[in-house]
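Working notes, structure below.
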Amino acid sequence: MEAFSHEAVAPLSAETAGTARLHRYSRHVMDIALLLVIPMLVAGTLSATLTLFVDPDIWWHLADARLIATTHHMIWTDPYSFTAVGQHWIDWEWLSEQFYWLSYNVAGLRGIYLLTWLGLCGNIVFVYWRGYRLGRNASAALVAAIVGFVLMTVNSGPRMIAFAYLAMSAEMAILEEAERGKKQLVWLLPPLFCLWINLHGTWLFGIGLLGLYILCGLFPLKVGAFQQTAFTAQERNRMLAVLGLSCVALLANPYGWHLLINPFDMMLHQKLSVATIAEWQPLTFSSFEGKGTIVAIVMMVVANLVAGRKWKVYELAVIFFAWYMAFDHHRFTYLAAVLTTPMLAADLKRAFFNEGELKTIPAMNFAMAGAAVIAMLYFFPSQASLKKMVNMMFPMQSIAKVGPEWRTFNWDYVGGMMAFEHKPSFMDSRFDSFEHIGVMADARSIIDGQRALPLLDKYQVDHALVKDDLPINALLEQASGWRVMTREPAWQGNYVLYERAPGAAAHK
Amino acid sequence: MNLTPAQEPTVTSAAPAQEPAQGLFQRICSRHLMNMALLLALPLLFGASFNKTLSLLSDPDLWWHLADARLLCSTHHFIQTEPYSFTVAGQPWINPEWLSELPYWFGYRALELRGVYVAAWLALFANILFVYWRGYLKARHASAAFWAACLGFVLMAVNAGPRTIIFGYLAMSAQMLILETAERGRKSLLWLLPPLFCVWINLHGTWLIGMALLGMYIVCGLFPVRLNALEQDAMPAADRNRLIAVFVASAAALMANPYGWRLVWNPLDMIFNQTVNIASVSEWQPLKLGSMEGAGVVLGIGLMVVANCIRGRKWKLFELALVFFAWFAAIDHVRFMFLAAVLTVPILAGDFERSFCAESDGKTIPAMNALLAVFALCFAAFWIPKETTLQKTVEAYFPLRTIGAIEPEWRTFNWDYVGGRMVFDGKSPFVDSRIDTFEHHGVFQDYLRAMNMVDPLAVLDRYRLDHVLALDAQPISYLLKRTPGWKEASREKSASGDYVLYARVPESGTKTQ
């Protein structure tokens with residue numbers, strides 16, 4: 001009887017386990033398919049609006065990657081402008097750029113679109129997976145990942161930083177797994193940092209977070225909702241060794257210490273860039289990401305009031321850091337998504353999602369996933385529509401007219417495209433080397449119409465390509481010795497190409 | 001005989017019980033006295049408006065507020081049409097903050113610039129004191145209330161000048177106090193709200209936020225909640241009906257103002273019809289967390305979260321909604337940090353008391369408190385600046401000589417910053433920092449076009465302008481220097497840079513040199 005019972009129960013539990021697995025996986029398949037299609041429908045860059053090519057940076061990124069791929073040498077001096085040409089400059093995101101260049105070579109503008117989409121979706125799916133691992137509830141992870149997606153829309157274009165956030169998510173996943181007992185995984189961090197530094201300067205945040213993790217784990221705490229035990233000596237030593245190795249691994253890059261100091265240079269010596277670039281400004285709640293931030297914070301607070309939990313100091317510090325950065329600099333809502341979304345998933349599960357995951361219909365899940373895949377194929381844009389968008393964004397005809405010997409003052413927005421089109425520019429949206437040698441400050445003065453004419457003389461500028469709503473335009477229209485060559489409609493206004501009359505006297 | 005031994009202990013035990021109670025009361029009072037004196041001196045030491053920086057007189061709005069109040073007091077009529085500029089003169093305009101302007105005007109009449117200084121200082125102090133008192137009533141702990149009020153002062157620094165909104169915030173604190181006292185059982189005090197709103201609408205447009213808060217209070221109290229830390233009972237029918245009646249009476253009381261429905265509409269007009277104003281005025285921009293005020297907000301939120309993690313409490317929906325609204329408003333618009341202070345400081349005092357303040361208020365030395373209070377008061381009396389110092393500050397911020405030289409028949413395009421001062425000096429500006437009426441008539445948009453160099457000469461022509469008063473560093477100044485037909489008439493130094501007055505001369509060409 002005993003043997004019979006055992007045999008009778010075993011197949012039944014295997015069947016149940018199989019059914020449960022099917023339910024769970026079908027749910028994940030549907031969730032992931034939905035998370036893949038949502039950016040195509042909602043993100044301004046990837047939806048029918050197709051604003052991904054509004055980003056001026058992608059063009060000099062492609063030009064960089066082209067230069068490295070064709071010369072087989074890393075870039076050490078500024079290769080594009082006539083103002084900073086030959087000045088020391090390193091290509092600090094060279095590895096991320098190679099992915100875009102490869103995709104562009106393979107599939108043209110559709111390749112850029114595809115990689116942008118996959119970069120964004122990679123991040124969304126990663127936070128979904130981390131959220132699921134923390135909360136063990138697919139619905140909570142899905143809702144949190146959707147909120148995360150809203151926060152990520154701030155950088156949903158063809159940005160190098162998307163790859164860096166994948167690295168950050170990987171770091172957080174490793175630390176989260178270590179918290180669940182898989183301590184050996186922390187040895188993956190040094191190779192991760194070795195990769196990360198070649199992708200983007202956000203590796204500094206990664207090292208900061210790792211340091212914070214170690215620091216917060218050094219002491220025990222049992223006060224109210226704070227509850228944590230200190231690392232054991234072995235754990236502490238392992239973490240310190242990992243941190244040391246990660247720092248060493250950062251040197252494994254083609255620029256050595258130059259690449260290491262790059263983010264510090266950004267913080268200390270590029271104040272003008274930070275002060276003037278829109279995405280470095282404080283978050284506005286009226287924006288899409290701003291609303292997402294409010295929703296995320298409210299959900300997190302309410303969930304913790306409805307069903308509180310014990311906090312580790314590190315978790316609270318990460319949340320403060322993430323929201324602080326998002327409020328202080330609009331661009332870091334993406335960072336906030338990477339850091340907080342998985343915790344939000346766990347909060348939502350605790351407070352609002354009490355139903356088991358097995359309450360789902362696999363066939364319906366697969367049908368939804370199939371519909372999502374069909375939608376992806378349907379919404380994937382054609383090469384012609386993408387080309388049309390590029391032509392709408394930039395004054396392509398005016399840029400084509402720029403001669404190789406011209407010294408053209410240009411609005412920084414079109415500088416990247418000029419670099420891509422092999423035209424010498426005054427400056428582009430890289431900013432760093434231009435700010436170091438004062439060109440950026442001069443460019444701002446010229447654009448704002450302050451001391452503009454003598455500054456144009458200083459750089460021996462003979463042409464200017466500017467938008468007609470910039471202050472400099474009013475000056476050039478009035479200035480003697482300057483005439484309009486062409487006017488071309490483009491993104492949100494007209495571009496005017498000015499020519500200086502040959503032999504015109506210097507401005508007083 | 002048997003009674004005596006029984007009575008004696010009663011008498012002897014009552015005397016020591018009363019004595020410590022009285023002593024405790026005195027100690028707490030002395031503690032309050034010291035705290036209030038310190039809070040009085042705090043703005044003088046750390047408020048940029050009141051310390052050596054004396055930035056209160058750099059506020060461009062002060063001058064047209066004074067001009068408004070002067071007009072009201074001299075004509076005994078409320079302003080109904082725009083009285084100062086040559087661009088929108090005679091157009092319908094109401095003075096939405098007429099009552100708040102009067103204390104500054106009376107201060108100015110009595111003590112000139114020192115009067116404005118004292119009025120602004122006392123108004124700020126009253127706000128700090130109000131949140132301190134509300135914090136104490138909430139926490140019943142003077143230290144917790146004091147430190148919360150200090151943080152409140154940091155948040156209030158954003159509007160710590162001679163601003164009319166300060167009186168609006170006093171009304172908001174009064175409203176919150178009434179609601180807080182009602183929560184403690186004195187429901188009949190709610191009937192003070194209608195007269196409060198009647199005063200408030202004449203002080204400042206923030207009455208709209210007050211009405212919204214009252215509405216939120218009613219809505220949040222309509223249902224019971226018991227979800228872990230969220231816990232509240234629904235208000236009884238009698239309370240609900242009383243509150244609805246108070247709300248309606250308050251709404252009706254808003255009409256008791258000299259402008260009627262137009263003053264009620266004013267803040268809504270700001271929201272719906274003054275988008276350019278909100279987009280371009282710096283204090284409507286989002287908060288920079290790296291600024292001093294931003295650090296105050298980070299500190300406030302951080303302390304609130306940590307205090308609630310260390311020792312949690314039960315929350316009512318209204319309290320939670322209030323905290324969210326306050327921090328949301330402060331981060332979205334830097335000017336609303338003051339509002340965040342008014343709404344959250346008392347709650348923060350309660351949090352401080354629960355989580356950080358182990359010692360009782362009784363542990364204090366009255367003599368030392370009195371000494372510190374006297375010291376703070378002496379310091380305050382000593383610190384108030386001289387009239388000549390204040391006059392010099394005004395001269396440093398505004399080109400008074402150039403403004404003085406403007407003739408009545410001139411049509412002068414001016415940077416909006418100096419418009420208020422021109423008004424105060426009896427000169428007609430192109431725009432001033434009221435902005436509202438200028439935006440309604442498209443003048444402000446034209447002003448921005450000219451200042452941002454979008455067809456600036458066409459704007460100067462369209463308004464038949466013959467003079468321009470701008471900073472030397474402004475693009476329009478650079479353009480006019482190089483445009484035939486315009487010449488520099490005068491130049492005057494200021495803290496913001498050189499002001500240049502340009503005059504139109506008969507044209508000799510159109511091209512910039």
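Reminder, nothing fancy here: chain letters follow the sequence lines and each chain counts from 1. Being a predicted model, the structure only gives us computed values, none of them experimental.
Only the side chain of A:Ile294 has a heavy atom closer than 4.5 Å to any heavy atom of chain B. Proximity to chain B (any heavy atom under 4.5 Å) is shown, for A:Ala452, by both the backbone and the side chain. In this structure, chain B has heavy atoms under 4.5 Å from both the backbone and the side chain of A:Val298. Of the two parts of A:Leu470, only the backbone, made up of N, CA, C and O, holds a non-hydrogen atom closer than 4.5 Å to a non-hydrogen atom of chain B. Heavy-atom distances place the side chain of B:Val305, and not its backbone, under 4.5 Å from chain A.
Two residues are said to be in side-chain contact when any heavy atoms from C-beta on lie closer than 4.5 Å; B:Leu479 and A:Leu475 meet this criterion. Annotation: side chain of A:Leu305 is not in contact with side chain of B:Asn228 (no heavy-atom distance under 4.5 Å).
For residues 287-308 of chain A, there are no salt bridge (charged side-chain N to carboxylate O under 4.0 Å, His left out) pairs, not counting sequence neighbours.
Among the candidates A:Asp448, A:Asp328, A:Ile472, the residue making the largest number of heavy-atom pairs closer than 4.5 Å to chain B is A:Asp328. No other option in A:Asn473, A:Val223, A:Asp469 has as many heavy-atom pairs under 4.5 Å with chain B as A:Val223. Listed options B:Lys288, B:Arg311, B:Met451, B:Arg449 were ranked by heavy-atom pairs under 4.5 angstrom with chain A; first place goes to B:Lys288.
For B:Pro475 against A:Gln450, the heavy-atom pair with the smallest separation is CD-NE2, 3.9 Å. Smallest separation of non-hydrogen atoms from B:Tyr478 and A:Pro454: OH-CD, 2.7 Å.
Here the straight-line distance linking atom CD1 of B:Ile301 with atom CD1 of A:Ile297 works out to 8.0 Å at 0.5 Å rounding. Separation of atoms SG (B:Cys309) and CD (A:Gln227) is listed at 12.5 Å; rounding is to 0.5 Å. Taken to the nearest 0.5 Å, the CG atom of B:Leu480 stands 10.5 Å off from the CD atom of A:Gln478. The CE atom of A:Met325 sits 10.0 Å away from the CG atom of B:Leu289 when rounded to the nearest 0.5 Å.
A 6.0 Å sphere centred on NZ of A:Lys310 holds more than 12 heavy atoms belonging to other residues, nucleotides or ligands. A 6.0 Å sphere centred on CZ of A:Arg350 holds more than 12 heavy atoms belonging to other residues, nucleotides or ligands.
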Next item on the list: Any chance you could lay out the side-chain contact (heavy atoms from CB on, under 4.5 Å) test for A:Phe320 and B:Val298, step after step, and finish with the verdict?
Entry: CA-CA 9 Å; A:Phe320 266 118; B:Val298 173; 5.9 Å; no

Notebook entry, point to check: What's the verdict on side-chain contact (heavy atoms from CB on, under 4.5 Å) for A:Leu453 and B:Arg482, showing C-alpha distance, side-chain angles and the deciding distance?
Noted result: CA-CA 10 Å; A:Leu453 300 178; B:Arg482 284 153 185 80; 4.1 Å; yes

Under 3.5 Å, sequence neighbours excluded: what are the donor-acceptor pairs made by side chains of residues 319-334 of chain B?
residue  : atom : partner  : partner atom : Å
B:Glu319 : OE1  : B:Arg313 : NH1          : 3.2
B:Glu319 : OE1  : B:Lys316 : N            : 2.9
B:Glu319 : OE2  : B:Arg313 : NH1          : 3.4
B:Asp332 : OD1  : A:Phe285 : N            : 3.1
B:His333 : ND1  : B:Trp284 : O            : 2.6

